[in-house]
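Heads up, the thing below is written out as structure tokens.
Computed from a predicted model, the values in this text were never measured in an experiment. Sequence lines set the chain letters: A, B, ... in the order given, protein chains first and strands last, and positions in each chain run from 1.
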Number of protein chains: 2
Amino acid sequence: MTDQLSRVFAALADPTRRDIVARLTVADATVGALAEPYDVSVQAVSKHLKVLEDAGLVSRSRDAQRRPVHLEAEVFDLMTKWIERYRRQAEERFSRLDAVLAEMDSDTDHRSGSTREGTAS
Amino acid sequence: MTDQLSRVFAALADPTRRDIVARLTVADATVGALAEPYDVSVQAVSKHLKVLEDAGLVSRSRDAQRRPVHLEAEVFDLMTKWIERYRRQAEERFSRLDAVLAEMDSDTDHRSGSTREGTAS
DNA sequence: CTCCTCGTCAACCTGTTGGTTGACAACGAG
DNA sequence: CTCGTTGTCAACCAACAGGTTGACGAGGAG
């Protein structure tokens with residue numbers, strides 16, 4: 001799962017991690033403060049933060065022995081762009097439905113094979 | 001990973017699955033046609049489709065022994081809503097940065113503890 | 001009826017994830 | 001200097017994800 005888009009989606013696939021992101025939109029926080037509401041060890045939260053950091057969603061600075069966690073909201077744009085692109089494409093397709101049906105019929109043996117393009121990642 | 005939002009994010013965390021979604025924005029397709037470009041077995045693609053279906057991103061109908069796969073674009077809204085909500089919150093926060101810094105300073109021992117709300121999922 | 005195609009199900013294997021506990025580095029406070 | 005706090009690292013474990021192969025059901029074509 002090398003590409004960033006995959007890492008971002010994977011990071012947000014976990015409810016705890018999503019909740020952490022949600023709380024970070026309000027204010028930066030230390031690892032301990034972030035861990036407090038959850039019923040897991042601080043180490044587990046530290047791991048979650050590593051996942052978020054590897055995805056580029058979060059950054060950590062240094063303040064004595066504390067490590068304040070900061071949300072990097074720009075990465076959201078990466079997702080939004082991907083989603084919007086294909087959502088728009090899907091809507092456009094919806095408006096030329098007949099063409100689609102025609103294509104499926106002519107698919108008898110030469111199976112298009114070159115509908116490819118865009119291709120995520 | 002019970003909630004749908006988690007399932008949707010997890011489904012899109014895989015490049016192959018994202019590519020399948022991308023191709024389905026162009027036209028519905030059969031499992032075989034979808035599998036053809038990838039260097040994996042048809043069974044593997046069948047599994048990917050199950051993941052997408054469980055996430056509500058895709059539906060399958062019946063046409064003789066074929067199972068045309070159809071994109072359900074509405075689910076995109078679920079993600080978009082989540083993302084936009086917290087993106088906006090993050091931007092709003094950015095505009096009152098001083099308040100944030102003040103809060104981090106007063107965090108000495110009573111650690112806010114009630115910043116909770118929204119909470120994903 | 002028999003065969004071939006399309007797709008799913010089941011069993012299995014390997015790598016990754018999310019959690020645990022224990023040790024330890026960094027650093028301010030006494 | 002020593003202690004308590006904050007957080008990470010390492011080892012370990014159970015569960016899950018993504019892939020494989022083999023068998024099989026459903027249905028059109030001969």
Strictly under 3.5 Å: I want the nitrogen or oxygen pairs between protein and nucleotides 22-29 of chain C, one per line.
residue	atom	partner	partner atom	Å
C:dG22	O6	A:Q43	NE2	2.8
C:dC27	O2	A:Q65	NE2	3.3

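- If you find the closest nucleotide of DNA chain C to B:S46 and to A:A44, the one lying nearer the 5' end belongs to B:S46.
- The side-chain contact (heavy atoms from CB on, under 4.5 Å) test applied to A:R66 returns A:T30, A:D63, not counting sequence neighbours.
- Residues forming a salt bridge (charged side-chain N to carboxylate O under 4.0 Å, His left out) with A:E53 (at least two apart in sequence, or on another chain): A:R60.
- Rounding to whole angstrom units, CG of residue B:D63 and C1' of C:dG7 are separated by 13 Å.
- For C:dG19, the OP1/OP2 oxygens have no side-chain nitrogen or oxygen of A:S41 closer than 4.0 Å.
- The nearest whole Å value for the distance from the CD atom in B:E36 to the P atom in C:dT5 is 16 Å.
- The side-chain contact (heavy atoms from CB on, under 4.5 Å) search around B:A55 returns B:R7, B:V8, B:A11, B:L57, not counting sequence neighbours.
- Atom CD in A:E53 sits about 10 Å away from atom P in D:dC9, given to the nearest Å.
- Side-chain proximity of B:H48 to C:dT8, D:dG19, D:dT8: nearest is D:dG19.
- The 5' end of DNA chain D is approached more closely, in terms of each residue's nearest nucleotide, by A:R60 than by the other of A:R60 and A:K47.
- The NZ-P distance, from B:K50 to C:dT8, rounds to 10 Å in whole Å.
- No hydrogens or angles considered: nothing links the side chains of A:D19 and A:T16 as a donor-acceptor pair under 3.5 Å.
- Between A:D39 atom CG and C:dG19 atom P there is a gap of 11 Å when expressed in whole angstrom units.
- Scanning for side-chain hydrogen bond (donor to acceptor under 3.5 Å, both in side chains) contacts around B:Q43 gives an empty result, with sequence neighbours left out.
- Taking the side chain of B:V40 as heavy atoms from C-beta on, and the options C:dG18, C:dT8, D:dG19, the nearest nucleotide is D:dG19.
- Straight-line distance from the CZ atom of B:F9 to the P atom of D:dA17: 17 Å, rounded to whole Å.
- Comparing D:dT20, D:dG18, C:dT8 by their nearest atom to the side chain of B:D14 picks out D:dG18.
- Not counting sequence neighbours, the partners of B:E72 by the side-chain hydrogen bond (donor to acceptor under 3.5 Å, both in side chains) test are B:S59.
- As rounded to whole Å, 14 Å separates atom P of D:dG28 from atom CZ of B:R67.
- A salt bridge is absent between B:R88 and B:E91; no separation between the charged side-chain nitrogens and carboxylate oxygens falls under 4.0 Å.
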